[in-house]
Number of protein chains: 2
Amino acid sequence: MQYLDKLRNSGLRPTKQRLQICEVLFNTEKTFHFTVNELDKKIKNNTGNKISLATIYNTIHAFEKKGYLKQIPINSNQTYFDTNVTDHHHFYDLKDEKLIDLENCDVGPINIKKKINGKKIKSIEVLVKLED
Amino acid sequence: MQYLDKLRNSGLRPTKQRLQICEVLFNTEKTFHFTVNELDKKIKNNTGNKISLATIYNTIHAFEKKGYLKQIPINSNQTYFDTNVTDHHHFYDLKDEKLIDLENCDVGPINIKKKINGKKIKSIEVLVKLED
DNA sequence: CACCTATTTAGAATCATTATAAACTAGGAC
DNA sequence: GTCCTAGTTTATAATGATTCTAAATAGGTG
Ligand SMILES: [Mn+2]
Ligand SMILES: [Mn+2]
Ligand SMILES: [Zn+2]
Ligand SMILES: [Zn+2]
């Protein structure tokens, strides 16, 4: 199993469910964006198995904490996650409600001139909304 | 009433409730960020009146549509709104769960090099997450 | 005033997410 | 292998922000 070590090294027991979710999330050419609902459907399709929604939520939150997933800041009725955990930004197509990656090289360097005392920058995320 | 015309000119009837909400939102030195819950409390405090939550939701959505409020893209269980409708960006203090304005001059120009066919940029929003 | 439509409202409905608590399991000790 | 224990899964209930509904109310116009 190619994800056994990834999970073990993270202190997460490599359960059947987590391994299946890893397959769906990480065994792909391209990274992608998803909601929990979409992931649920994808798991059913790809594996023929049903994993409890509670487990899916538990797992993606565990993966997020370990840095294997990122949450994308966007206002939607559902939360979007990203399997691309490199620093990058997003287009958001308002009509299609779809996210599109903006690689770091697609965006000029971002220069934050303001400082807040006692705080440091954890991340800088750009959301570019698109219309027709 | 200083907000009568603002509402009339927008095609919104200047009802008692909308005028009160205008007072709370716009009759201040500084702009601010708020959730619907916070606004609800603020209305009760400032006016002694209770406005139905449904009306508050209706009103802020109407104001948003007219461009008097902006929604801030952030992942939270509640939606954040902003009375500062100029182009600007945000710090988000992860510990205090507070938003802080980054004026346009606090952020260097943002250069989006990628283009999507048939789509044009509606807005560019930067979210800078802060930790201790 | 009379009328029409926009608006307000309490309460119900929706629905994404989280909590609960019981059953199950991975993995280490023996 | 068996035992043990903490971690995990699961069905299900609970939560809570937001939206919907439909009846009552209030602007605005003539
Ligand atoms: Mn999370
Ligand atoms: Mn809205
Ligand atoms: Zn992405
Ligand atoms: Zn702001």
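Chain naming here is simple, since letters A, B, ... match the order of the sequence lines and numbering starts at 1 in each.
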Asks: Between B/Tyr57 and D/dT19, does any side-chain N or O lie under 4.0 Å from OP1 or OP2?
Replies: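 Checking B/Tyr57 against D/dT19: no side-chain N or O falls below 4.0 Å of OP1 or OP2.
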Asks: Rounded to whole Å, please give me the gap between CD in A/Gln78 and C1' in D/dT18.
Replies: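 Those two atoms, CD and C1', are 14 Å apart.
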Asks: So B/Asp106 and B/His89, side-chain hydrogen bond (donor to acceptor under 3.5 Å, both in side chains) or not? Walk me through it.
Replies: CA-CA 9 Å; B/Asp106 296 327; B/His89 308 293; over 6 Å; no
Asks: With respect to the side chain of B/His61, which nucleotide from C/dA10, C/dA16, D/dT19 is positioned closest?
Replies: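 Among the listed nucleotides, the one closest to the side chain of B/His61 is D/dT19.
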Asks: Using the side-chain contact (heavy atoms from CB on, under 4.5 Å) rule, pick out the option among B/Val107, B/Asp82, B/Thr31 that qualifies with B/His88.
Replies: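 Going through B/Val107, B/Asp82, B/Thr31 one by one, the side-chain contact (heavy atoms from CB on, under 4.5 Å) with B/His88 is satisfied by B/Asp82 alone.
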Asks: Among D/dT19, C/dT17, D/dT8, find the nucleotide with the atom closest to the side chain of A/Arg18.
Replies: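 Closest of the options to the side chain of A/Arg18: D/dT8.
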Asks: For B/Asn77 and A/Lys50, find the nucleotide of DNA chain D closest to each by heavy atoms; which residue's nucleotide sits nearer the 5' end?
Replies: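 The residue mapped nearer the 5' terminus is A/Lys50.
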Asks: Between P on D/dT18 and CZ on B/Phe34, what's the gap in Å once rounded to a whole number?
Replies: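 Spelled out: CZ on B/Phe34 to P on D/dT18 is 11 Å.
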Asks: So, is A/Ser52 close to the D/dT9 phosphate, meaning a side-chain N or O under 4.0 Å from OP1 or OP2?
Replies: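 Indeed not, no polar side-chain atom of A/Ser52 lies that close.
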Asks: For the side chain of B/Thr79, counting heavy atoms from C-beta on, which of C/dA26, D/dT18, C/dT17 is nearest?
Replies: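 My answer, after comparing the listed nucleotides, is D/dT18.
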Asks: Please tell me which of the listed nucleotides, D/dA6, C/dA16, C/dA6, lies nearest to the side chain of B/Arg13?
Replies: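 Shortest atom-to-atom distance from the side chain points to C/dA6.
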Asks: Using whole Å, report how far CG of B/Leu4 lies from P of D/dG28.
Replies: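 Atom CG in B/Leu4 sits about 8 Å away from atom P in D/dG28.
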Asks: B/Leu7 CG to D/dG27 P: how many Å, rounded?
Replies: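 It works out to 12 Å between those atoms.
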Asks: To the side chain of B/Asn37, which of C/dA19, D/dT18, D/dA17 is closest?
Replies: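 Selected nucleotide (nearest to the side chain): D/dA17.
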Asks: For the residue pair A/Lys98 and A/Phe91, would you count it as a cation-pi contact if the rule is NZ or CZ under 6.0 angstrom from the ring centre and within 45 degrees of the ring axis?
Replies: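 Relative to the ring axis of A/Phe91, which defines the angle, A/Lys98 lies outside at least one limit.
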Asks: Give B/Thr35 one of three labels, base, sugar-phosphate or nothing, depending on what nucleic acid heavy atoms sit under 4.0 Å from its own.
Replies: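 Nothing, no heavy atom under 4.0 Å.
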Asks: D/dT10, D/dG28, C/dT8: which one has an atom nearest the side-chain heavy atoms of A/Thr55?
Replies: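 The answer is D/dT10, which lies nearest to the side chain.
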Asks: Round to the nearest Å and state the distance from A/Ile56 atom CD1 to C/dT18 atom P.
Replies: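 Distance check: A/Ile56 CD1 to C/dT18 P gives 14 Å.
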Asks: Please give, in whole Å, the distance from D/dT21 C1' to B/Leu53 CG?
Replies: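 Interatomic distance, CG of B/Leu53 to C1' of D/dT21: 16 Å.
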Asks: Hey, does B/Asn58 reach any base, or is it just sugar-phosphate, or nothing, if we go heavy atoms under 4.0 Å?
Replies: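 Base contact.
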Asks: Between C/dT7, D/dC20, D/dT8, which nucleotide gets closest to the side-chain atoms of B/Thr15?
Replies: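 Of the candidates, C/dT7 comes closest.
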Asks: Take atom CZ of B/Phe63 and atom C1' of C/dT7, then tell me their distance rounded to the nearest Å.
Replies: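 Atom-to-atom, B/Phe63 to C/dT7, this comes out as 13 Å.
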Asks: Between P on D/dG7 and NZ on A/Lys16, what's the gap in Å once rounded to a whole number?
Replies: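 Distance, rounded to whole Å: 21 Å.
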Asks: Would you give the length of the straight line joining atom CZ of B/Phe26 to atom OH of B/Tyr3, rounded to the nearest 0.5 angstrom?
Replies: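 The distance works out to 7.5 Å.
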Asks: Between A/Asn37 and A/Thr35, is a side-chain hydrogen bond (donor to acceptor under 3.5 Å, both in side chains) present by the stated rule, with each step listed?
Replies: CA-CA 5 Å; A/Asn37 255 317; A/Thr35 64; 5.6 Å; no
Asks: Salt bridge between A/Lys119 and B/Glu131, side-chain N to carboxylate O under 4.0 Å?
Replies: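 So A/Lys119 does not pair with B/Glu131 through a salt bridge.
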Asks: When you get a sec, tell me which of C/dT17, C/dA19, C/dG27 is the closest nucleotide to the side chain of A/Pro14?
Replies: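 Output: C/dG27.
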Asks: Choosing from D/dA17, D/dA11, D/dT9, which nucleotide comes nearest the side chain of A/Gln17?
Replies: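 So the nucleotide nearest the side chain must be D/dT9.
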